[in-house]
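Counting starts at 1 for both ligands and their atoms, following the listed order.
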Amino acid sequence: MIKAIEIKNICKTYSGKEKKANNNISFDLLKGEILCIAGENGAGKTTLMKILCGLLKQDSGVIIKNGNIGMVHQHFMLFGDYTASENIVMGLEPRKAGVFLDVKKADFISQKIINENNFSIKTNIKVNELTLGEMQQVEICRILYRNADIIILDEPTSILTETESMSLFDTLKNLANNGKSVILITHKLHEIKHIGDRVAVLRRGELAGIRDVNGIDINEIANMMIGENNSNYLKIVPNEEKKLQIDGDITNNSIDSKPVISFENVIVTRRGQKRPLLDDVSFSVNSGEILGFAGVGGNGLGVIEAALGGFLHPESGKILHKGKDITRFSIRKLRKQGLAFVPADRIRVGSASEASIEENMIINHRNWIGRKNNLIKNLTKSYIENYKIKAPDIKEKASTLSGGNLQKLILARETGGLKDYIVFSEPSWGLDFAASQFIQKEIKALKKKGAAVILISTDLDELLSLADRIMVMYMGRIAGNYTNNGDRSIKEKIGRSMQGVVSE
Ligand SMILES: Nc1ncnc2c1ncn2[C@@H]1O[C@H](COP(=O)(O)OP(=O)(O)OP(=O)(O)O)[C@@H](O)[C@H]1O
Ligand SMILES: [Mg+2]
């Protein structure tokens, strides 16, 4: 067996921290294999990958590389002002006369990679106009274009649709068959069974084991992640009673069937573009109801999210909150009106990376909580306990949290302060198995309490297990509207609507 990377006794402690993020980790990556890496949020996966590709320096230990490494990062590293294809080729551009960027060629190469993976992005659109799911596609194309010998992907499938994930897996299998080595981090255990040759499990900074995927059971992987003595952890249920609700009691506790939030013929346009981003969209959500939105990236899910959050305003049509016109409300005014909001973009919209973890937790209460230290302490403590957030020191910057723990912080804050209605966009992005089980139960509990819930997700299984109704977006329009009645054929129907086939 030829080794692609030898990892020997890697240790890493972040400055100011006591615990080792990586503790004496050793294993080899073989040439031509797909190695999956699993582990709970905060187990040290991203840290190890950053060390492998040279972004971070280990405190001790040795890495021997046999080839170039390319990495798709958990938090994107793209240039928003440049187009998708410029980002894909950036740093390794095809050139005309050896000097100028050959735009045509860049577009051609990018399009080829996009097609091979069944991705939906357009090459000539600026990255900051793409949805997060589409940005993830750009990140992946960027790495595939580079022709690296060793490809590391940190949770690449978290916000891809199932079809997109399967196409990506085909690409990765091809690469491995041609002698490349792949490391894939994922929280979706069935993906490990589907694509991995071996799986390495990290637990609290240590290598808990490395095994052949052939013959290993998903439950065994889960047990390795949490340690044999902790198996109750997976059965965790939210403690609804204990939850601290400072001003967060839902105001309309009686579950009536009046719409809490509704869109009436909403049209959103983008300057210089003929086709509207949202084209005559109408829907309403009642108290005690979960309305799901499905769709492939670029078909309007992100626009619905932005319109609900007050980040963009419709050109015509109305958005109503219990009959009140909130179409032109600012983000701040919407919050006052009763909106709780879990955006897909947890880095730029959901949190302030440079502010402390504590500040990020209390931001929705800052007007009145002031310096009431006891209240702050209780509030943050309840968030950390309920959501099992791994945050040793809440005075540290939010950027020191692992991806999944940052997501837990946002979920805890928004569900804890819920008044009336809540928008979740990709709520379980980056969460480990136990945490995504937890948030699903939590969303059901919110519904029971009478909240109106809007759930935007690329994960059809998540939508099917939670939503009462599911609307499918295609090219800015509602292409399908399904009542989730447990009918097994519904998934297939939704899948077809996502491709633009009009529902019968
Ligand atoms: N820049 C940083 N400064 C200080 N501590 C950090 C930093 N980045 C990560 N950590 C800490 O190191 C530990 C491991 O984090 P890491 O991001 O490697 O976890 P992960 O396995 O990738 O988790 P996730 O599944 O949530 O992405 C965590 O306790 C985290 O808080
Ligand atoms: Mg990570």
* Any N or O of Leu401 closer than 3.5 Å to N or O of ligand 1 -> no
* Asked: Does a salt bridge link Glu40 with Lys388, judged by any charged N lying under 4.0 Å from a carboxylate O?
  -> no
* Not counting sequence neighbours, which residues clear salt bridge (Lys or Arg N to Asp or Glu O under 4.0 Å) with Lys444? List them please. => none
* Asked: Does an N or O anywhere in Lys45 fall below 3.5 Å from an N or O of ligand 1?
  -> yes
* **Heteroatoms of the protein, restricted to N/O/S, which lie under 2.8 Å from the Mg ion (ligand 2)** => Thr46 OG1, Gln74 OE1
* Asked: Can you find an N/O atom of Gly44 closer than 3.5 Å to an N/O atom of ligand 1?
  -> yes
* Subset of ligand 1 atoms that lie under 4.0 Å from at least one heavy atom of Asn41 -> 23 (O), 24 (P), 25 (O), 26 (O)
* **Salt-bridge contact Asp59-Lys20 (side-chain N to carboxylate O under 4.0 Å)** => no
* Asked: Below 3.5 angstrom, do we get any N/O pair linking Gly404 and ligand 1?
  -> yes
* To do: Considering only NZ, NE, NH1 and NH2 on the basic side and carboxylate oxygens on the acidic side, decide whether Asp461 and Lys491 come within less than 4.0 Å.
  => yes
* Asked: N/O of Ala21 under 3.5 Å from N/O of ligand 1, yes or no?
  -> no
* To do: Identify which of Asn22, Thr47, Asn405 has a heavy atom lying nearest to atom 16 (P) of ligand 1.
  => Thr47
* **Lys173 atom NZ, neighbour heavy-atom count above 12 within 6.0 Å** => yes
* Structure fact -> Per-atom filter on ligand 1: closer than 4.0 angstrom to a heavy atom of His187 are 25 (O)
* Asked: What are the atoms of ligand 1, with element, lying closer than 4.0 Å to any heavy atom of Gln74?
  -> 27 (O)
* To do: Among all protein heavy atoms, pick out the one at the shortest distance from atom 9 (C) of ligand 1; state its residue, atom name and that distance to 0.1 Å.
  => Tyr14 CE1, 3.4 Å
Residues 182-191, side-chain donor-acceptor partners within the protein, below 3.5 Å, at least two apart:
unit_1 : atom_1 : unit_2 : atom_2 : d
Thr186 : OG1    : Lys188 : N      : 2.9
Thr186 : OG1    : Glu191 : OE1    : 2.8
His187 : NE2    : Glu155 : OE2    : 3.0
His187 : NE2    : Gly430 : O      : 3.4
Lys188 : NZ     : Thr157 : O      : 3.2
Glu191 : OE1    : Thr157 : OG1    : 2.8
Glu191 : OE2    : Thr157 : OG1    : 3.0

* Looking only at distances, please establish whether an N/O atom of ligand 1 is found under 3.5 Å from an N/O atom of Thr400. => yes
* Structure fact -> Within 4.0 Å of some non-hydrogen atom of Glu155, the atoms of ligand 1 are 25 (O), 27 (O)
With a cut-off of 3.5 Å and sequence neighbours excluded, list every side-chain donor-acceptor pair involving residues 4-15.
unit_1 : atom_1 : unit_2 : atom_2 : d
Asn9   : ND2    : Asn24  : OD1    : 2.9
Lys12  : NZ     : Lys57  : O      : 3.1
Tyr14  : OH     : Thr47  : OG1    : 2.9

